[in-house]
Amino acid sequence: MRKQKIVILGAGYGGLMTATRLQKTVGVNEAEIVLVNKNEYHYETTWLHEASAGTLHHDRVRYDIKTVIDQNKVDFIKDTAVEVKTDEKKVILENGEIDYDYLVVALGGESETFGIKGLKEYAFSIVNVNSARQIREHIEYQFATYSSEAEKKDERLTIVVGGAGFTGIEFLGELGNRIPELCREYDVDFKKVKVICVEAAPMVLPGFDPELVEYAVAHLEKKGVEFRIGTAIKECTTEGIIVGKGEEELEEIKAGTVIWAAGVRGNSLIEKSGIEAMRGRVKVQPDLRVPGHDNIFIIGDCSLIINEEINRPYPPTAQIAMQQGETCARNLVSLIRNKTELETFKPDIKGTVCSLGEDDAIGEAFGKKMVGSKASFMKKMVDNRALYMIGGPSLVLKKGKFNIF
Ligand code: FAD
């Protein structure tokens, strides 16, 4: 009998979790497993704010995919998926095509700019290793240029962060550590640097406990961050941003760097492939399959699942992507073994920790609130756990965070 072919697109948290769980359970004669990813490496998306600020080298946030997959069981293809032809059960890659019996789409998120003029062209987003490297280099270039120019342009040293959600706040925390270093390195007066966080919503970190949010804001303000809450970015230009509280009241903030950290959408391949989605995210069935496509699973940031308790979608997180990867692998095993009953995915939210730089954080875990070094310790444990879940103790030893005290 012909072996069934499982193709996994994306080797992020969801895709790698699916692949590593399948390789533990599926026999070589049971199914062919193919993993496609645009790079030879996996990166820890949840650490990208550190690489972007320059507090962690970009090589620390990535590792070779082949070190965690069993190449006797999983074929790895380095290529970019362009489109899925669902009728033909085929994926079009940049350098060829691949057919499948079962497909897992785990391509992660993209930045969503909500049509705000100039953001795509002039703002940076923290999305992958390349963008993180570019942000770090750009900020450093602004400091180096400021030091060497005869007529100093102070706005070079203004960094605007659009969005006071998780990514924005974690990045601001890293900047709080990095900017004093940059000032020393480039002989720049710290008072000349401005870091402004612009948020359209009336609050910072929506969904977090108000006491913890207060702690985070106070901590970041102490490090020099200025918050402009309830203020929308109307446009991004080569000179900075234009903000406003309404059409009438507009203000220009000149800045050498603008980071957009306020919107995530699913991968655009989804829409290109004609799969029904809301901003690239597909409302999947409880077993994580796509309605009307019984052989396609969508997990991670490309999927949308509803938290029934509040009747709102769960925010896209690595925690959920990894748990979905486990369920998806078990459901694939059932399908190739001709079992019809599939598992329902239920997120098990263990807590959330938001870092505020190297040695501070806020969080809630196991029903308890935490701040300061305790929360920061917990954050590092969460990061190490993600490594452990995919690559076991050897990956933790190679890439783990041990600068705990
Ligand atoms: P990803 O892990 O992003 O992986 C997608 C993979 O697909 C990548 O390897 C990419 O290279 C590959 N790929 C993309 N397009 C293609 C293509 N066309 N062809 C081939 N390969 C492709 N979540 C938390 O739970 N906790 C946190 O503390 C946290 N912090 C965060 C901090 C930052 C700065 C950011 C940006 C996100 C954070 N998140 C956090 C969210 C979390 O990172 C995402 O929800 C998670 O990465 C989603 O996992 P995924 O498997 O869907 O995609």
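Counting convention: from 1, in listed order, for ligands and their atoms alike. Values below: all heavy atoms of this structure, side chains included; hydrogens, waters and symmetry mates excluded. This one's a predicted model, so the numbers in the text were calculated from it and none came from an experiment.
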Would you kindly specify which portion of [X] sits under 4.0 Å from ligand 1, judged on non-hydrogen atoms: side chain, backbone, both or neither?
| X | value |
| --- | --- |
| H42 | neither |
| V382 | neither |
| F171 | neither |
| N39 | side chain |

Does [X], backbone or side chain, put an N or O under 3.5 Å from an N or O of ligand 1?
| X | value |
| --- | --- |
| G300 | no |
| K38 | yes |
| H49 | no |
| K379 | yes |
| Y13 | yes |
| A321 | no |
| A318 | yes |

Using modelled atom types only, decide if a donor and an acceptor are shared between the side chain of [X] and the backbone of [Y] within a distance under 3.5 Å.
| X | Y | answer |
| --- | --- | --- |
| N39 | Y41 | no |
| H219 | D360 | no |
| Q319 | K350 | yes |

Protein heavy-atom partner closest to [atom] - residue, atom, separation in Å:
| atom | result |
| --- | --- |
| atom 53 (O) of ligand 1 | G108 CA, 3.2 Å |
| atom 4 (O) of ligand 1 | G12 CA, 3.1 Å |
| atom 26 (N) of ligand 1 | T46 CG2, 4.0 Å |
| atom 12 (C) of ligand 1 | N37 OD1, 3.2 Å |
| atom 51 (O) of ligand 1 | G14 N, 2.8 Å |
| atom 15 (N) of ligand 1 | N267 ND2, 3.3 Å |
| atom 33 (C) of ligand 1 | T45 O, 3.6 Å |
| atom 18 (N) of ligand 1 | A81 O, 3.0 Å |

*asked:* Nearest non-hydrogen contact with atom 32 (C) of ligand 1 belongs to which option: E50, E170, E174?
replied: E170
*Given D301, V36, V129, which has its nearest heavy atom closest to atom 48 (C) of ligand 1?*
D301
Indicate whether the side chain of [X] and that of [Y] have a donor and an acceptor atom separated by less than 3.5 Å.
| X | Y | result |
| --- | --- | --- |
| T317 | Y13 | no |
| Q324 | S303 | yes |
| T352 | E364 | no |

Do [Y] and [X] meet the salt-bridge criterion of a basic N to acidic O distance under 4.0 Å?
| X | Y | value |
| --- | --- | --- |
| D154 | K192 | yes |
| E155 | K194 | no |
| R265 | E271 | yes |
| E170 | K379 | yes |
| K66 | D64 | no |
| R60 | E50 | no |

Quick one: which ligand 1 atoms are inside 4.0 Å of a heavy atom on [X]?
| X | result |
| --- | --- |
| G10 | 7 (O) |
| L107 | 5 (C), 7 (O), 13 (N), 14 (C), 15 (N), 16 (C), 17 (C), 19 (N), 20 (C), 21 (N), 22 (C) |
| P316 | 41 (C), 45 (O) |
| T80 | 17 (C), 18 (N), 19 (N), 20 (C) |

Check contact between [X] and ligand 1, using heavy atoms of the residue and a distance below 4.0 angstrom.
| X | answer |
| --- | --- |
| T167 | yes |
| V127 | no |
| W47 | no |
| L9 | no |

*Result of checking N177, I179, L356, V195 against K223 for side-chain contact (heavy atoms from CB on, under 4.5 Å)*: N177
*Where does the angle between the aromatic ring planes of F143 and Y186 fall among parallel (under 30°), tilted (30 to 60°) and perpendicular (over 60°)?*
tilted
*Got more than 12 heavy atoms from elsewhere within 6.0 Å of CD, E121?*
yes
*Taking atom CD of E343 as the centre, does the number of heavy atoms from other residues, nucleotides or ligands within less than 6.0 Å exceed 12?*
yes
*What residue among E239, E149, E140 forms salt bridge (charged side-chain N to carboxylate O under 4.0 Å, His left out) with R156?*
E149
